[in-house]
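Presented below is the structure to which this report refers.
Numbering starts at 1 and runs along the sequence shown. Keep in mind that the numbers below use all heavy atoms, side chains included, and drop hydrogens, waters and symmetry copies.
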Amino acid sequence: YWLTTFSIEGVLIDRKKIAGTKYDTDGLYQMVCTISESWMFSMAEGKLDAEGNSAPLSSDSTHSHTALQLTGDGEIVAI
């Protein structure tokens with residue numbers, strides 16, 4: 001899923017991936033998102049290998065958490 005913002009004229013302002021699931025022979029990757037009433041986006045992501053064990057997303061982490069906020073100008077910024 002993508003969060004996409006546009007101007008009143010229909011011009012793209014910003015776009016960020018906020019959720020999704022991908023499955024292939026390497027295993028399962030999943031990203032979930034919750035949205036608060038104040039337009040705060042909280043995403044968590046993780047990966048399982050083909051045997052169902054936690055797999056690294058990067059060299060130092062098996063999971064990740066990101067927080068984003070939607071500004072009044074339509075930009076999507078990390079907080």
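- S54 pairs by the side-chain hydrogen bond (donor to acceptor under 3.5 Å, both in side chains) definition with nothing, not counting sequence neighbours.
- Residues L12 make up the rest of the hydrophobic cluster containing F6, defined by ILVMFWY side-chain heavy atoms closer than 4.5 Å, directly or through other members.
- With M40 as the fixed residue, the side chain to side chain contact (heavy atoms under 4.5 Å, CB included) test singles out one of L68, I79, T34, L70: I79.
- The side-chain hydrogen bond (donor to acceptor under 3.5 Å, both in side chains) pairs that include a residue from residues 4-15 are S7-E9, where partners are two or more places apart or lie in different chains.
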Which side-chain N or O atoms in residues 25-33 pair as donor and acceptor under 3.5 Å with protein atoms at least two apart or in another chain?
residue, atom, partner, partner atom, Å
Y29, OH, E45, OE1, 2.4
Q30, NE2, T21, OG1, 3.4

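- For K47, the salt bridge (charged side-chain N to carboxylate O under 4.0 Å, His left out) criterion is met by no residue, not counting sequence neighbours.
- In terms of the side-chain hydrogen bond (donor to acceptor under 3.5 Å, both in side chains) criterion, E51 has no residue partners (sequence neighbours excluded).
- Of the inter-residue distances, the one linking I18 atom CD1 with F41 atom CZ reads 6.0 Å to the nearest 0.5 angstrom.
- For the pair I76/L3, a side-chain contact is recorded, criterion being any heavy-atom separation below 4.5 Å from C-beta on.
- The hydrophobic cluster containing V77 does not contain W39, counting ILVMFWY residues as joined when their side-chain heavy atoms lie under 4.5 angstrom apart, directly or transitively.
- Interatomic distance, NZ of K16 versus CH2 of W2, reported as 9.5 Å (0.5 Å rounding).
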